[in-house]
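In the text below, chain A, chain B and the rest are named by the order of the sequence lines, each starting its count at 1.
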Number of protein chains: 2
Amino acid sequence: MDSWVKKLNSKGIRCTAMRLAVIQTIRKTKKPLSPIQIFDLTRQKNPKLGLVTVYRTIEILEREGLIEHIHHFDNCQTVLPVGEGHQHVLLCIKCGAAVHFKGMELKNIFDQINKETGFQIKEHWMQLAGLCPACKS
Amino acid sequence: MDSWVKKLNSKGIRCTAMRLAVIQTIRKTKKPLSPIQIFDLTRQKNPKLGLVTVYRTIEILEREGLIEHIHHFDNCQTVLPVGEGHQHVLLCIKCGAAVHFKGMELKNIFDQINKETGFQIKEHWMQLAGLCPACKS
DNA sequence: GTAACTGCAAACGCTTTGCACCAAG
DNA sequence: CTTGGTGCAAAGCGTTTGCAGTTAC
């Protein structure tokens, strides 16, 4: 939590009680959350929170590279804290849990694609879904 | 084009002039299109087309597996005809062109992830972006 | 002739903006 | 005390729905 506050403060962004509550909801929940989910969860302890503050906090956190949007078929508005370094996201299709895993070696694949299609790959985005260890059994 | 009409007719879905015009726009344009882009492009030749028809046609085509949504950062509403079999999408970050390429062998990677994380991968979704051969030079 | 399709207008839900008040540094 | 943050209400925007008229098969 400290590192987030420090980073935000260094940009002149203040960490108010409401903003901290929103951040805590995002960080402690282990699955991607939509704005309205963050709103409902945070309001359980902070009934005065407004939905607008959630939107504005999401905007700031994403701009500062602390959270990222997760895209899953028709559901593209949920956010998740980013992983350390470049990582890919792994979602459980049963319980919704999300974990990051270290980016595998994809460079060979990109070289192969370059040979086949002539495309020079600049960005890649991979997301996997399946059953987490708990839901598998 | 015939195969699309045949598939739709077999489901009791009619191919009207407006619907065919929308389908043609989607098929002949080589990049992902948003509903409003499809609307504008199709209306150049069919000024009576309504935006609602575009939305309803997109819904049908996606349900029948003929088109798919492309997700690209904040831009998740564009559609593209699907590739043959399981393919991944390659987008040009300069001209917007989209091409499909045959899914590479990812099974080894998934086995490795399973060992590391305990996740059993059921779905994967990968999208790449870069410079197409024309835009590279 | 029946069932599907059409465009229009209205409704809907999510997101953003304007504003007066408040609070962090 | 200055600047950024807050909630509320309203506006904005993309998408969906209701409906009466139309068209494919």
**OP:** Produce a footprint string for nucleotides 1-6 of chain D: one letter per nucleotide, 5' end first; B if the base is under 4.0 Å from any protein heavy atom, S if only the sugar-phosphate is, - if neither.
**Re:** --BBSB
Subject >> Connected-component partners of Val89(B) among ILVMFWY, side-chain separation under 4.5 Å >> reply: Ile70(B), Leu80(B), Leu91(B)
Subject >> For atom CG of Leu8(B) and atom C1' of dC25(D), their distance in whole Å >> reply: 15 Å
Subject >> Residues clustered with Leu131(A), ILVMFWY side-chain links under 4.5 angstrom >> reply: Ile93(A)
Can you give each donor-acceptor pair under 3.5 Å made by side-chain atoms of residues 10-21 of chain B, sequence neighbours left out, with the distance rounded to 0.1 Å?
unit_1	atom_1	unit_2	atom_2	d
Ser10(B)	OG	Lys7(B)	O	2.7
Lys11(B)	NZ	Glu64(B)	OE1	2.5
Thr16(B)	OG1	Arg19(B)	N	3.2
Arg19(B)	NH1	Arg14(B)	O	3.1

Original post:
Hey, would you say the His88(A) and His124(B) ring centroids sit under 6.0 Å apart?
Top reply: no
**OP:** Return the 5'-most residue of the pair Asn9(B), Ile36(B) with respect to DNA chain D, ranking by each residue's nearest nucleotide.
**Re:** Ile36(B)
**OP:** Identify, with sequence neighbours excluded, every residue that meets ring pair (Phe, Tyr, Trp, His ring centres under 6.0 Å) alongside Phe39(A).
**Re:** none
**OP:** Please state how far atom CG in Leu51(A) lies from atom P in dT17(C), giving the value in whole angstrom units.
**Re:** 14 Å
Original post:
Taking atom P of dG25(C) as reference, at what distance in whole Å does atom NZ of Lys6(A) sit?
Top reply: 14 Å
Original post:
In whole angstroms, how far is the C1' atom of dG14(D) from the CD atom of Gln77(A)?
Top reply: 14 Å
Original post:
Within this structure, what is the CD-to-C1' distance between Glu59(B) and dT6(C), rounded to whole angstrom?
Top reply: 15 Å
Subject >> Pairs meeting criterion side chain to side chain donor-acceptor pair (under 3.5 Å) with involvement of residues 127-137 of chain A, two or more places apart >> reply: none
Original post:
Roughly how many Å is it from CG in Asp74(A) to P in dC14(C), rounded to a whole number?
Top reply: 13 Å
Original post:
Atom CG of Asn75(B) to atom P of dG14(D): distance rounded to whole Å?
Top reply: 12 Å
**OP:** Starting from C1' on dT16(D), measure out to CZ on Phe39(B) and report it in whole angstrom.
**Re:** 16 Å
